[in-house]
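Right, one structure below, let's go through it.
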Amino acid sequence: MGVLAVSACGSGGDGDRLAAPIGTATGSGTATGSGAASGAATKVELEGIVRQFQDTNQTPGVLVGVLSPQETFVSATGVSDIATGAPLDADMQFKIASQTKTFTANLVLQLVGEGKVGLDDHISRWVSGVPNGDLITIRQLLNHTSGLADGFTSPAVQGKVLAGCTVEELLTAEALFPPVAAPGTEWSYSNYGYNLLGRVVELAGGQDLSIAIEQRIARPLGLRRTLLPVTGNGLSEPFTHGYGTGNVGPTQAPTAADDATDIPASCLWAHGGMVSTLADMQIWSRALATGELLKPEVWAEAQKNPVPFVFAGHYNGAGSWAYGLGFVESGGFIGGEGSFAGYESTTMYSPSLRASIAVVSTKSPNAITPPPMFQALAMAVYGPDLGFGLTPEQALAPTYTGGAE
């Protein structure tokens with residue numbers, strides 16, 4: 001996850017892919033939904049969960065998409081701009097923050113399938129000057145067991161966030177921090193590790209990361225508004241503003257003065273710099289969770305032995321979560337999650353249920369975060385026995401206090 005501390009603030013043909021959200025959503029939060037197995041009662045329950053999420057967090061806007069054979073529910077609730085009162089709409093672009101990691105990792109795994117990168121390569125083969133670089137493998141960078149420090153939360157990087165960073169500045173600053181653990185001994189979230197993977201993509205693939213994302217993922221899947229910006233914040237109309245620059249509490253309503261939309265993406269880069277839409281992310285979630293763009297043997301390896309994890313501050317709530325090679329997993333759903341100034345989101349897909357669930361809040365931090373919110377929505381459609389390791393009531397408990405993820 002990216003945490004801004006500054007005061008200024010987962011195959012098949014096209015016809016078999018998830019389509020763009022097909023519910024009807026208005027800025028006031030009215031949504032139409034249908035489901036042969038679930039019906040009107042489930043729609044009412046989903047609407048109630050969205051209201052509880054928005055009211056508890058005091059977030060200006062909430063986007064939710066539930067797409068499955070049982071239920072189609074798409075909701076855009078609240079406003080996209082506090083200053084003007086413009087309504088939120090389901091097709092608006094937003095910053096996906098650390099969901100970017102799923103794209104970076106998928107590119108690495110594509111290169112593994114092409115024989116250009118090895119999962120057991122040491123990062124020193126590709127990038128010099130990395131602490132413990134002769135011991136840390138690509139596999140460990142992908143599942144956050146490298147032992148590298150996060151790096152992004154350091155003053156050296158945070159001081160550049162508003163003005164922007166070059167990739168060289170970012171990697172140099174993050175390399176200054178000593179490891180937090182020996183490689184392969186424990187799970188420890190590292191944005192630095194994913195920036196290193198972004199550099200591996202460039203060196204092994206021979207093209208800039210932003211171009212690789214466009215040519216290897218966005219274009220083949222038809223993701224029309226998904227990109228890694230090379231300048232600015234990357235957002236284009238229509239987009240939603242995001243709020244929270246370090247001074248807003250998890251249950252506190254932001255004001256127009258807390259607008260974090262203009263913060264550029266360059267200091268987040270491979271770990272958290274991308275923008276997308278609800279529709280694009282739900283298409284991506286299916287491709288990610290089914291290994292659509294990967295060699296079958298590589299995807300099988302990526303799913304082996306996921307590492308159980310708990311974020312500091314219990315950002316993911318009380319449930320059970322594990323980290324594979326570039327994705328999170330809970331109850332058979334596979335996907336990603338992201339949090340940065342102004343925006344928090346998660347998008348998850350279950351291959352067995354053929355269900356995609358996405359949640360976006362246009363505020364950070366939130367007391368009920370998107371990951372347990374996704375679990376609450378899933379349990380509303382499929383019942384409580386999905387293997388999440390928590391009850392629906394626990395999923396909607398406002399337990400996150402804003403500690404570092």
- Message: As an exercise, state the distance from CG of Asp89 to CE of Met92, rounded to the nearest 0.5 Å.
- Response: 5.5 Å
- Point-to-point distance, once rounded to the nearest 0.5 Å, from CZ of Arg139 to NZ of Lys304: 8.0 Å
- Item | Counterpart residues, side-chain hydrogen bond (donor to acceptor under 3.5 Å, both in side chains), relative to Asn366 (two or more places apart) | Glu344, Ser361
- Does Asp121 pair with Arg125 as a salt bridge, N-O distance under 4.0 Å? yes
- Task: Keeping the roles fixed (side chain from Glu174, backbone from Phe177), state whether a donor-acceptor pair exists under 3.5 Å.
- Result: no
- Message: Under the rule for ring pair (Phe, Tyr, Trp, His ring centres under 6.0 Å), what residues qualify as partners of Phe327, not counting sequence neighbours?
- Response: Trp299
- Item | Pairs where residues 93-145 contributes a residue and the test ring-ring contact (aromatic ring centres under 6.0 Å, His included) is met, not counting sequence neighbours | Phe103-Trp284, His144-Trp187, His144-Tyr189, His144-Tyr194, His144-Tyr323
- Message: For a quick check under 3.5 Å, do Asp120 and Thr137 share a side-chain donor-acceptor pair by atom type?
- Response: no
- Is any NZ, NE, NH1 or NH2 atom of the basic residue among Glu337 and Lys101 found under 4.0 Å from an Asp or Glu carboxylate oxygen of the other? no
- Item | Glu301 with Lys295: basic N within carboxylate O range, under 4.0 Å | no
- Message: Nearest 0.5 angstrom please: Ile123 CD1 to Leu141 CG, how far?
- Response: 5.5 Å
- Item | Point-to-point distance, once rounded to the nearest 0.5 Å, from CD1 of Ile82 to OG1 of Thr84 | 10.0 Å
- Verify the distance criterion only: is there a donor paired with an acceptor across the side chains of Thr261 and Asp259 at less than 3.5 Å? yes
Less than 3.5 Å apart, which donor and acceptor atoms pair up between the side chains of residues 367-378 and the rest of the protein, not counting sequence neighbours?
{"residue": "Thr369", "atom": "OG1", "partner": "Tyr315", "partner atom": "O", "Å": "2.5"}
{"residue": "Gln375", "atom": "NE2", "partner": "Ser330", "partner atom": "OG", "Å": "3.0"}

- Strictly by modelled atom types, are Thr290 and Tyr349 linked by a side-chain donor-acceptor pair under 3.5 Å? no
- Task: Return yes if a side-chain donor-acceptor contact under 3.5 Å exists between Asp150 and Ser190, otherwise no.
- Result: no
- Message: Between Ser345 and Gln99, do the side chains contain a donor N or O and an acceptor N or O under 3.5 Å apart?
- Response: yes
- Return the set of residues passing side-chain hydrogen bond (donor to acceptor under 3.5 Å, both in side chains) with Thr346 (not counting sequence neighbours), or none when no residue passes. none
- Query: Step by step, would you call Arg225 with Glu237 a salt bridge (charged side-chain N to carboxylate O under 4.0 Å, His left out)?
  - Reply: CA-CA 10 Å; Arg225 302 190 66 210; Glu237 295 286 355; over 6 Å; no
- Query: Any sub-3.5 Å donor-acceptor pair from Thr172's side-chain atoms to Glu169's backbone N or O?
  - Reply: no
- Pairs satisfying disulfide (SG to SG under 2.5 Å), at least one member in residues 133-248, at least two apart: Cys165-Cys267
- Approximate separation, where rounding is to 0.5 Å, of Thr42 OG1 and Ile49 CD1: 9.5 Å
- Query: Does the Lys95 side chain pair with the main chain of Gly342, one donor and one acceptor, at a distance under 3.5 Å?
  - Reply: no
- Message: With ring-ring contact (aromatic ring centres under 6.0 Å, His included) as the criterion, how do Phe152 and His271 come out once you've worked through the C-alpha distance, each side chain's angles and the decisive distance to 0.1 Å?
- Response: CA-CA 9 Å; Phe152 182 71; His271 86 251; 4.8 Å; yes
